[in-house]
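Structure, as structure tokens:
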Amino acid sequence: MTGDKPGAEPGDVSGGGPVWAGAAGLRTGQVAQRAGVNIQTLRYYERRGLIAEPHRSPGGHRAYPPETVTVLRVIKAAQRLGFTLEEVADLLETTRHRHPRPGAADTALGERARMKLIEVEQRIADLRVIGAALSQTIDAGCTDLMECATTQCCPLPFADLARPDPGEQP
């Protein structure tokens with residue numbers, strides 16, 4: 001991994017990963033600290049292909065380019081918006097291989113954001129239903145989950161599922 005192979009160029013990835021290209025880079029701990037992630041997260045994202053495998057120093061130390069910090073911050077921000085790592089990976093891949101026109105209204109991110117917004121709004125609606133059921137449970141004075149599930153007045157939505165069907169054998 002030293003790049004001393006005949007015909008090898010600095011940064012050549014043949015033979016087991018990128019080699020030292022002579023440029024200074026950020027060490028693993030520096031990248032993790034600046035991006036606000038732990039080292040295990042950094043390495044996990046590297047294994048998943050979310051961030052590029054860094055060059056290695058002659059001593060084998062990872063040397064990340066400074067833009068890795070930005071990529072990690074983007075990943076974490078997208079996760080906070082509800083995107084899964086798989087979705088983030090797709091968005092990053094699209095970004096790397098596509099150069100959208102400035103001002104284009106229908107971008108991959110725009111479409112994904114619209115789809116994610118629909119998902120979030122559905123989850124909010126589901127949470128409102130759950131909140132209402134919990135409020136009804138409190139108002140009904142339910143104190144025992146198993147007992148409540150077998151009574152007609154139970155406001156919990158699983159109550160119908162907990163009651164045996166008339167033709168079902170116990």
Side-chain angles (χ1 to χ4, degrees), residues 17 25-54 62-170:
L26 299 171
R27 301 280 294 267
T28 302
Q30 292 172 312
V31 172
Q33 182 183 27
R34 291 178 187 182
V37 300
N38 64 46
I39 292 171
Q40 290 80 15
T41 299
L42 176 62
R43 299 248 172 87
Y44 178 70
Y45 290 171
E46 186 180 320
R47 284 192 307 274
R48 294 262 329 238
L50 293 166
I51 60 172
E53 186 179 343
R62 289 173 169 87
Y64 293 91
E67 58 269 11
T68 302
V69 174
T70 302
V71 174
L72 288 167
R73 288 177 179 164
V74 166
I75 292 168
K76 297 311 284 181
Q79 284 184 301
R80 282 191 298 277
L81 292 173
F83 289 99
T84 65
L85 274 182
E86 189 67 33
E87 291 168 330
V88 173
D90 289 344
L91 286 168
L92 289 172
E93 188 66 23
T94 301
T95 300
R96 290 178 184 130
H97 296 292
R98 185 171 164 227
H99 302 286
R101 293 171 298 159
D106 193 17
T107 65
L109 177 59
E111 182 58 31
R112 299 273 179 106
R114 279 188 280 282
M115 291 170 28
K116 187 56 65 179
L117 179 58
I118 291 168
E119 287 179 32
V120 167
E121 289 171 343
Q122 181 59 54
R123 280 195 306 219
I124 290 170
D126 291 345
L127 288 171
R128 285 192 175 119
V129 169
I130 292 168
L134 291 171
S135 290
Q136 291 171 355
T137 301
I138 293 166
D139 293 344
C142 296
T143 59
D144 183 283
L145 186 63
M146 295 305 292
E147 183 180 320
C148 184
T150 60
T151 64
Q152 290 291 341
C153 66
C154 180
L156 296 176
F158 68 81
D160 290 331
L161 298 174
R163 290 188 196 98
D165 286 336
E168 187 179 299
Q169 298 266 331

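This one's a predicted model, so the numbers in the text were calculated from it and none came from an experiment.
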Value rounded to 0.5 Å, distance of [atom1] in [X] from [atom2] in [Y]:
X: Arg43; Y: Thr41; atom1: CZ; atom2: OG1; answer: 11.5 Å
X: Leu92; Y: Tyr45; atom1: CG; atom2: OH; answer: 10.5 Å
X: Gln79; Y: Glu87; atom1: CD; atom2: CD; answer: 10.5 Å
X: Thr143; Y: Ile138; atom1: OG1; atom2: CD1; answer: 13.0 Å

What closest approach, in Å, do [X] and [Y] show between heavy atoms, and which atom pair accounts for it?
X: Leu42; Y: Ala32; result: CD2-N, 4.4 Å
X: Ala63; Y: Pro54; result: O-CB, 3.7 Å
X: Leu50; Y: Val71; result: O-CG1, 3.8 Å

Problem set entry | Over 12 non-hydrogen atoms of neighbours within 6.0 angstrom of CD in Gln33 |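 Incorrect, the count does not exceed 12.
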
Problem set entry | Any residue meeting salt bridge (Lys or Arg N to Asp or Glu O under 4.0 Å) with Glu86, in chain and number order, not counting sequence neighbours | Arg48

Exercise. Among Arg27, Gln30, Glu46, Glu53, which residue meets the side-chain contact (heavy atoms from CB on, under 4.5 Å) test with Tyr64?
Worked result: Glu46

Exercise. So which pairs with a foot in residues 117-140 pass salt bridge (charged side-chain N to carboxylate O under 4.0 Å, His left out), sequence neighbours left out?
Worked result: Lys116-Glu119

Exercise. Between the side chain of Arg112 and the main-chain N/O of Val88, is any donor-acceptor distance below 3.5 Å?
Worked result: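 Checked: no pair found.
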
Exercise. Is there a side-chain contact (heavy atoms from CB on, under 4.5 Å) between Leu72 and Lys76 once you walk through the steps?
Worked result: CA-CA 6 Å; Leu72 288 167; Lys76 297 311 284 181; 5.6 Å; no

